[in-house]
S.K.: 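Just passing along the structure, written as structure tokens.
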Amino acid sequence: MADKITAPKGTYDILPDEQAVRRWVVARAEDVFRRYGYGRLDTPMFEETALFSRGVGESTDIVRKEMYTFTDLGGRSMTLRPEGTAPAARAYVEHGMHTLPQPVKFWYHWPMFRYESPQSGRYRQHYQFGIEAFGSTSPALDAEAIGVLEALYRDVGLAHVDLRINSMGCRQCRPAYSAQLHAFLTEHRSDLCSECHERTRLNPLRTFDCKVPGCVHVMDSAPRFTDYLCESCETHHSVVRDHLALQSIEYTEDHRLVRGMDYYTRTTFEFQSAVLGAQSGVGGGGRYDDLVESIGGPPTPGVGFGTGVERILLALSRSRDDLPRARGPLAYVVAINDSTRREAFALVHELRTRGVAAELDYASRSLKGQMKQAGRGGARFALLLGDDEVAAGEVTLKDLATGEERSLPRTEAAAIVVRAEVSAE
RNA sequence: GUGAACGUAGCUCAGUCGGUAGAGCACUGGAUUGUGGCUCCAGCGGUCGCGGGUUCAAAUCCCGUCGUUCACCCCA
């Protein structure tokens with residue numbers, strides 16, 4: 001047992017029975033992205049390490065301690081994708097998409113990799129849906145991004161999600177605010193926890209995140225960014241709010257909302273679900289007007305979000321009991337005698353060729369065992385073949401829901417099953 | 001990286017005061033020699049995470065270790 005190989009820590013297998021719900025959620029999400037005009041983008045699962053260290057920011061937890069970084073056989077430093085925005089920005093620049101009509105709008109459904117300690121709703125490999133819209137500073141686009149995410153949650157039936165929004169300012173107004181905040185933190189240093197001392201040094205904004213009661217109390221009287229926004233950021237923020245109202249989206253303004261990536265400017269937002277426990281964030285994002293430039297592209301604004309597929313599924317499983325389930329075969333072909341197993345195989349082949357999900361026994365089960373399989377597997381029909389049926393060119397068709405059965409010419413029975421498969425779709 | 005709880009059959013778990021293991025579900029067969037779901041009977045299935053210690057005797061007590069889960073941190 002000691003040498004038993006298991007899935008790596010923080011990873012998991014998605015078994016066949018669990019696929020139905022996932023596929024349904026993905027399909028709902030894809031339809032939302034289509035309606036809002038986003039095109040699918042796929043990028044490699046690993047990138048040059050510099051893309052993330054520069055794009056996401058050296059001071060972030062992701063870059064400092066959570067990346068799966070390795071040296072390839074050519075001596076290059078590579079990193080498994082920990083987030084989606086930087087790779088999307090890289091692709092935008094690499095393919096010269098600034099020459100296309102702006103904005104350029106992408107959506108993705110990608111696995112992400114972060115070397116973290118796993119817990120409920122947090123994995124080392126997890127999936128995210130996301131969108132990124134490049135090339136526009138319009139605040140209406142910020143509101144659209146939030147609208148896309150809200151529509152996604154609504155369409156999959158995720159209730160009890162609360163939206164919080166904030167503004168992080170821009171290159172013009174952030175330095176002045178940061179200086180104010182830093183001065184405040186230094187002044188109250190003795191009342192703050194050691195973590196916050198570290199935050200003061202690395203990223204003062206994150207002191208707002210601290211949950212230590214003493215720090216929370218201190219931060220209540222800290223200068224708020226919303227009071228220091230420059231005129232254009234102030235205007236931008238109010239238009240975002242207006243366009244949220246136009247979509248009837250409810251939200252609360254939260255000046256303490258600070259997100260983990262360094263690239264955010266102006267709008268940031270986050271949806272939380274009450275049923276998720278400690279990892280309550282189900283999705284979030286914001287505007288990143290300096291990111292493209294920071295990875296070597298032309299100055300290009302952008303806005304987007306990421307949302308955790310596992311967290312959506314977890315929240316759904318805790319709040320709904322009517323989720324899609326895996327579908328079994330429509331027809332189960334039963335060989336009544338061992339001598340008719342060849343005929344049964346041929347019939348299953350015919351049904352499958354004609355589009356029917358059909359199954360049969362490969363375990364030499366008894367007649368009763370085969371019927372049991374048919375019933376447990378959720379089949380609607382059992383098609384029974386015995387010596388009598390084979391001799392007569394017939395098959396006994398049994399409706400497993402009603403128990404009704406009758407012997408029919410083989411072509412007629414097959415036609416009924418084929419029709420049922422077509423109408424089931 | 002820190003803290004806590006938990007590791008017994010494929011799954012969910014029980015196992016008293018230490019006496020080398022049980023149930024339910026699932027799976028296979030039978031009751032019904034050509035008929036599923038319900039019921040009943042039987043069968044299959046475990047080096048009690050791993051290593052060491054105490055003891056005549058350890059799933060049980062002690063130490064270590066690995067893993068899982070939850071929480072902190074941070075995020076999706």
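A note on names: the letters A, B, ... follow the listed sequences, proteins ahead of strands, and every chain is numbered from 1.
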S.K.: Find the partner of B:C73: check Watson-Crick (N1-N3 plus N6-O4 or O6-N4) and G-U wobble (N1-O2, O6-N3) distances, both under 3.5 Å, and reply none if neither fits.
M.R.: none
S.K.: If the P atom of B:A21 is compared with that of B:U47, how far apart are they to the nearest Å?
M.R.: 13 Å
S.K.: Report the distance from atom OH of A:Y12 to atom P of B:A76, rounded to the nearest whole Å.
M.R.: 16 Å
S.K.: Quick one: is A:Q119 getting a side-chain N or O under 4.0 Å of the B:A71 phosphate, OP1 or OP2?
M.R.: yes
S.K.: Could you state the atom-to-atom distance from CZ of A:R341 to P of B:G34 in whole Å?
M.R.: 13 Å
S.K.: Using a heavy-atom cut-off of 4.0 Å across all strands, would you classify A:G130 as base, sugar-phosphate, or nothing?
M.R.: nothing
S.K.: OP1, OP2 of B:A76 versus side-chain N and O of A:Q272: anything below 4.0 Å?
M.R.: no
S.K.: Taking the side chain of A:P118 as heavy atoms from C-beta outward, which of B:U35, B:C73, B:U69 is closest to it?
M.R.: B:U69
S.K.: Which value, rounded to the nearest 0.5 Å, describes the distance between A:T85 atom OG1 and A:Q128 atom CD?
M.R.: 8.0 Å
S.K.: Could you check A:E94, A:R90, A:R81 and say which one makes a side-chain hydrogen bond (donor to acceptor under 3.5 Å, both in side chains) with A:T43?
M.R.: A:R81
S.K.: Which nucleotide in the set B:G1, B:G34, B:C74 lies at the smallest distance from any side-chain heavy atom of A:E389?
M.R.: B:G34
S.K.: Quick check on the 6.0 Å ring-centre criterion: do A:Y153 and A:F271 meet it?
M.R.: yes
S.K.: Verify the neighbour count for atom CZ of A:R320: are there more than 12 heavy atoms of other residues, nucleotides or ligands below 6.0 Å?
M.R.: yes
S.K.: Are the aromatic ring centres of A:F208 and A:H255 under 6.0 angstrom apart?
M.R.: yes
S.K.: Just call it for A:V282: base, sugar-phosphate, or nothing, with non-hydrogen atoms closer than 4.0 Å on any strand.
M.R.: sugar-phosphate
S.K.: Is there a side-chain contact between A:S366 and the phosphate of B:G30, meaning an N or O under 4.0 Å from OP1 or OP2?
M.R.: yes
S.K.: Is the centre of the A:Y108 ring less than 6.0 Å from the centre of the A:F129 ring?
M.R.: no
S.K.: Distance check needed: B:A76 P versus A:M261 CE, whole Å only.
M.R.: 4 Å
S.K.: Does A:R122 contact B:C70 through a side-chain donor or acceptor facing the base, at a distance under 3.5 Å?
M.R.: no
S.K.: Distance check, C1' atoms only: B:G51 and B:A14, in whole angstrom units.
M.R.: 27 Å
S.K.: Examine the base of B:C74 for any acceptor or donor lying under 3.5 Å from a partner atom in the side chain of A:Q279, and report the outcome as yes or no.
M.R.: yes
S.K.: If only side-chain N and O atoms of A:R259 are considered, is one of them under 4.0 Å from the OP1 or OP2 phosphate oxygen of B:A76?
M.R.: yes
S.K.: Counting only side-chain nitrogens and oxygens, does A:R376 get under 4.0 Å of the OP1 or OP2 atom of B:G36?
M.R.: no
S.K.: May I ask which nucleotide in the shown strands pairs with B:A26, Watson-Crick or G-U wobble, both distances under 3.5 Å?
M.R.: none
S.K.: Can the ring centres of A:F345 and A:H349 be said to be less than 6.0 Å apart?
M.R.: no
S.K.: Would you say the ring centers of A:W107 and A:F33 fall short of 6.0 Å from each other?
M.R.: yes
S.K.: So A:K398, base contact, sugar-phosphate only, or nothing? Heavy-atom distance under 4.0 Å.
M.R.: base
S.K.: Roughly how far apart, to the nearest Å, are B:C50 and B:U12 at atom C1'?
M.R.: 24 Å
S.K.: Round to the nearest Å and state the distance from A:M67 atom CE to B:G1 atom C1'.
M.R.: 18 Å
S.K.: Out of B:A76, B:G36, B:G34, which nucleotide sits closest to the side chain of A:L400?
M.R.: B:G36
S.K.: What distance, rounded to whole Å, do you find between the two C1' atoms, one in B:G22 and one in B:C61?
M.R.: 22 Å
S.K.: Please measure how far the C1' atom in B:C6 lies from the corresponding atom in B:G49, and state the result in whole Å.
M.R.: 12 Å
S.K.: Look at all strands and tell whether A:R365 reaches a base, only sugar-phosphate, or nothing, counting heavy atoms closer than 4.0 Å.
M.R.: sugar-phosphate
S.K.: May I ask you to say what A:Q373 touches in the nucleic acid, namely base, sugar-phosphate or nothing, with a heavy-atom cut-off under 4.0 Å?
M.R.: sugar-phosphate
S.K.: Suppose we call a contact any N or O donor and acceptor under 3.5 Å apart; does that hold for the side chain of A:E405 and the base of B:U35?
M.R.: yes
S.K.: In whole Å, measure the gap between the C1' atoms of B:A26 and B:G64 for me.
M.R.: 37 Å
S.K.: Is any side-chain N or O of A:K368 closer than 4.0 Å to OP1 or OP2 of B:G34?
M.R.: no
S.K.: Rounding to the closest angstrom, what is the interatomic distance between B:U35 and B:G43 at atom C1'?
M.R.: 23 Å
S.K.: For the pair A:E359 and A:R352, evaluate side chain to side chain contact (heavy atoms under 4.5 Å, CB included) and give the outcome as yes or no after the intermediate values.
M.R.: CA-CA 9 Å; A:E359 193 51 279; A:R352 288 169 172 170; 3.1 Å; yes
S.K.: Starting from C1' on B:C74, measure out to CD on A:E270 and report it in whole angstrom.
M.R.: 11 Å
S.K.: For RNA chain B, whose closest nucleotide is more 5', that of A:T396 or that of A:G281?
M.R.: A:T396
S.K.: Any idea which of B:C74, B:U35, B:G34 is nearest the A:R199 side chain?
M.R.: B:C74
S.K.: Taking CG from A:L276 and P from B:C70, how many angstroms apart are they, rounded to a whole number?
M.R.: 12 Å
S.K.: Looking at the base of B:C74, is there any donor atom on it, or on the side chain of A:R206, that sits under 3.5 Å from an acceptor on the other one?
M.R.: no
S.K.: Rounding to a whole Å, what distance do you find between A:R256:CZ and B:C74:P?
M.R.: 13 Å
S.K.: Remember a base hit wins even if backbone is also touched, and classify A:Y127 as base, sugar-phosphate or nothing at under 4.0 Å, heavy atoms.
M.R.: nothing
S.K.: Using atom P of each nucleotide, how far apart are B:C66 and B:G10 to the nearest Å?
M.R.: 25 Å
S.K.: In Watson-Crick or G-U wobble terms, both distances under 3.5 Å, what is the partner of B:C61?
M.R.: B:G53
S.K.: Taking any strand in view, what nucleotide pairs with B:C6 in a Watson-Crick or G-U wobble way, both distances under 3.5 Å?
M.R.: B:G67
S.K.: Using the side-chain heavy atoms of A:A278, tell me which of these nucleotides is nearest: B:C72, B:C74, B:U69.
M.R.: B:C72
S.K.: Take the protein atom OH of A:Y123 and the nucleotide atom C1' of B:C70, then report the distance between them rounded to whole Å.
M.R.: 13 Å
S.K.: Could you check which nucleotide pairs with B:C48 in any of the strands shown, counting Watson-Crick or G-U wobble with both distances under 3.5 Å?
M.R.: none
S.K.: Any strand is fair game: report the nucleotide pairing with B:G18 by Watson-Crick or G-U wobble, both distances under 3.5 Å, or none.
M.R.: none
